[in-house]
Amino acid sequence: MTDDNRFYITTAISYPNGNPHIGHAYELIATDAMARFQRCDGKTVHFITGTDEHGQKMLQTARREGIEVQALADRNSVKFKEMAETLNASNDDFVRTSEARHHAACREIWQRLEAAGDIYKDSYAGWYSVREEAYYQESETEVRGDGVRYGPQNTPVEWVEEESYFFRLSAYQDRLLEHYEEHPEFIGPPERRNEIVSFVKSGLRDLSMSRTTFDWGIKVPNDERHVMYVWVDALTNYLTGVGYPDEGDARWPFWPADLHVIGKDITRFHCVYWPAFLMSAGLPLPKRIFSHGFLFNRGEKMSKSVGNVVDPFALVETYGLDPVRYFFLREVPFGQDGSYSHDAIVGRINADLANDLGNLAQRSLSMIAKNCGGIVPAFGEPDEADRAILSAVDALLPQLREAMAAQATHAALASIFALVADANRYFAAQEPWALKKSDPERMGSVLYVTAEIVRQIAIACQPFMPSSSAALLDLLGVAEDARGFDRLGEGGRLASGSELPAPKPVFPRYVEPESIKDS
RNA sequence: GGCGGAGUAGCUCAGUCGGUUAGAGCAGAGGAAUCAUAAUCCUUGUGUCGGGAGUUCGAAUCUCUCCUCCGCUACCA
């Protein structure tokens, strides 16, 4: 097995001080589709997700609920694992930052940074808002008439000095810029890359790397009064997931990661701090970091006060898993913000899945069942129309690879569904139902071509809609071991003469529950 | 304020190293067909390509300017 056949992909790890929400689900679905895509394309994939369980907020939530913080982490982490199962995520591992293996990885990283001379002790001082637990620049604060200094959120601030370890981030400015320059694909999409380059060019300050104000975290080696700053802790999970610090671990060759999929809000931590840490530790850098956008409910940001928070479990319950996966991956250009609504989801489900793809499969397969004894018909001498549509389908894989190399799930699905539309046009133009009497052999050829197109489309859809695609491939009698992308194109043609199971609909239309009551 | 991005059909967007009559999907209207999940297929758009000016034989595509919206501008993540 060669290095370039491995593919290591990660989601950001979620902060489990509450329940999983749609944003967590979105990232996991998209990353899962990318992981599955690479597997289908023959790569040996390692895909991890997890939870980031330390920090003051977890401590506060636990205190508020009157439970131990570890108990809170255990309880909520389970919810994220359940979400992964509900979404049919194919992650190979789930890293929890409270696990011993992760502590070991973080200690090792810390010591590497220290050995590189990039860690030093100093004091961190600033105007601190106790209520917000945040430091502010003096310029962000003001002394009001009551003689008290206030922060930007109108809470009182006080001067606080805290002993802290620092990381010489400032020393990495040039090397980071050089890396961005030499590896333009390091950060995607391009607008995020521009922002990061501009940020780094504006100058980097050293980074406070430890806290002494709370103790729910990973202890700094040889100075247990300090716990590590959240990002050292959180980012290192990507190393934990491949067995670090044991570089003899079977998973270690997966490093460096091929792709970190993250939300745009944490771009800087991944594109500036993370590579700097890795450079300092003498480890290779991930190949690419891609920031996706946020999802909005009918164009409005989700918030508890507006009452439009959508639970991913409820969404799956209402529409079904694969339709939900399809909707997010197809509707939202990955990397941009997106909007979802009941109408939009139903529109996609019914138009694309039920009417176009589902119906294409059903209309062709039921004709085979009724007119060909359920046996894949012979493919006679192809005519112009056959050749045209088959060559279009056979050309799909490079388009998919190109789209997915840029994390453009929407573009990949657009390519696939353009073929679905072509196939419906082909079917309507050939009128196999009319050929039934006039030219049964030709009818067989048309049905063969259509089924072959459905086969390839189903194979291509596997990363996005695993269960539904499997159901389609079952209906076509495609063996489990004949579903990889190496079977796309001419080489994998459906075998004439093979017996098919009775066709059944794979993508039901979404019908409003209300209309049932009304009628 | 600084840097950057965006403004194209009712909706979501594609198209921009300048070049034939500016495109797709969805929604709407009309028609055909009946294999199929009442699904499908065909036909149908007078769009100031944000406003204005400029460069050019020619601009949605380049330049300038104005308007509007958005992102980034470090230690909550």
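Chain naming here is simple, since letters A, B, ... match the order of the sequence lines and numbering starts at 1 in each. On a predicted model such as this, the values are computed, not experimentally measured, just so you know.
- Among the heavy atoms of the strands lying under 4.0 Å from Tyr229(A) are primed sugar atoms or P, OP1, OP2 only; no base atom is included.
- Between Ile266(A) atom CD1 and A74(B) atom C1' there is a gap of 15 Å when expressed in whole angstrom units.
- Side-chain rings of His54(A) and Phe214(A) stay apart, their centers remaining 6.0 Å or farther from each other.
- Using a 4.0 Å heavy-atom cutoff across all strands shown, Leu204(A) reaches at least one base atom of the nucleic acid.
- Note on ring orientation: taking the six-membered ring where Trp is involved, the planes of Trp231(A) and His270(A) are perpendicular (angle over 60°, cut-offs 30° and 60°).
- Between the side chains of Thr11(A) and Thr49(A), a donor-acceptor pair is found at a separation under 3.5 Å.
- Side-chain contact check for Thr267(A) and Ser291(A): at least one donor-acceptor pair (N or O, by modelled atom type) lies under 3.5 Å.
- With both ends at atom P, the span from G23(B) to G19(B) equals 14 Å, rounded to whole Å.
- Among the heavy atoms of the strands lying under 4.0 Å from Gly203(A) is at least one base atom, whether or not backbone atoms are also near.
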Under-3.5 Å N/O pairs linking protein and nucleotides 28-31 of chain B:
none

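- Looking at residues two or more places apart in sequence or on another chain, you find no side chain to side chain donor-acceptor pair (under 3.5 Å) involving Thr31(A).
- Considering only heavy atoms from C-beta on, Pro189(A) comes within 4.5 Å of Phe290(A) through its side chain.
- Atom CD1 of Ile345(A) and atom P of C11(B) are 21 Å apart (whole Å).
- A salt bridge does not link Asp215(A) to Arg225(A): none of the charged nitrogens lies less than 4.0 Å from a carboxylate oxygen.
- Using atom C1' as the reference point in both U21(B) and G58(B), the two lie 15 Å apart (nearest Å).
- Atom pair Asp337(A):CG and C72(B):P shows a separation of 10 Å (rounding to whole Å applied).
- Glu65(A) CD: more than 12 foreign heavy atoms inside a 6.0 Å radius.
- Listed by first and then second residue, the side chain to side chain donor-acceptor pair (under 3.5 Å) pairs involving residues 347-356 of chain A are Tyr326(A)-Asp352(A), Glu331(A)-Arg348(A), Arg348(A)-Asp352(A), Asn355(A)-Arg509(A) (not counting sequence neighbours).
- Phe199(A) comes within 4.0 angstrom of a nucleotide base, judged by non-hydrogen atoms across all strands.
- In this structure, the ring of His410(A) has its center no less than 6.0 angstrom from the ring center of Phe334(A).
- The distance from atom CD of Gln60(A) to atom P of A77(B) is 12 Å, rounded to the nearest whole Å.
- Counting only heavy atoms from C-beta outward, the side chains of Gln70(A) and Ser98(A) approach each other to under 4.5 Å.
- When the P atom of G71(B) is taken as reference, atom CZ of Arg193(A) falls 22 Å away, rounded to whole Å.
- In this structure, Phe277(A) and Trp274(A) have perpendicular ring planes: the angle between them is above 60°, well past the 30° mark.
- The same atom, P, is picked in C64(B) and in U55(B); the two are 15 Å apart, to the nearest Å.
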Polar atom pairs between nucleotides 5-8 of chain B and protein, under 3.5 Å, N or O only, would you list them?
none

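- Taking the P atoms as reference points, G25(B) lies 12 Å from U44(B), given to the whole Å.
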Would you mind building the protein contact string for nucleotides 32-42 of chain B? One character per nucleotide, 5' to 3', B for base within reach (heavy atoms under 4.0 Å), S for sugar-phosphate only, - for untouched. -SSBBB-SSSS

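- Straight-line distance between the C1' atoms of U8(B) and G45(B): roughly 14 Å, to the nearest whole Å.
- Remark: Lys504(A) NZ is loosely packed, at most 12 non-hydrogen atoms of other residues, nucleotides or ligands lying under 6.0 Å away.
- No salt bridge links Arg96(A) with Asp52(A); every basic N to acidic carboxylate O contact stays at or beyond 4.0 Å.
- Surrounding CD of Glu402(A) are at most 12 heavy atoms belonging to other residues, nucleotides or ligands under 6.0 Å away.
- A distance of about 10 Å separates the P atoms of A27(B) and A39(B), rounded to the whole Å.
- For Asp343(A) and C11(B), the CG to C1' distance is 12 Å, given to the nearest whole Å.
- Summary of the strand contacts: Val230(A) and Tyr273(A) both lie near RNA chain B, and taking for each the nucleotide with the nearest heavy atom, the more 5' one is attributed to Tyr273(A).
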Reading 5' to 3' and counting Watson-Crick or G-U wobble pairs with both distances under 3.5 Å, write the dot-bracket notation for RNA chain B, | for bases paired outside the strand. ((((((((.[[[[.)...(...]]]].(((((.......))))).....[[[[[..)....]]]]])))))))....

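- Across all strands shown, Asn17(A) has no heavy atoms under 4.0 Å from either base or sugar-phosphate atoms.
- For the pair Glu195(A) and Arg192(A), the salt-bridge criterion is met [side-chain N within less than 4.0 Å of a carboxylate O].
- If you take CE of Met58(A) and P of A77(B), they are 14 Å apart, rounded to a whole angstrom.
- Atom P of A53(B) sits at a distance of 23 Å from the matching atom of A6(B), rounded to the whole Å.
- For the pair Arg192(A) CZ and C70(B) C1', the computed distance is 10 Å after rounding to whole Å.
- Here, G15(B) and G54(B) have their C1' atoms 24 Å apart, quoted to the whole Å.
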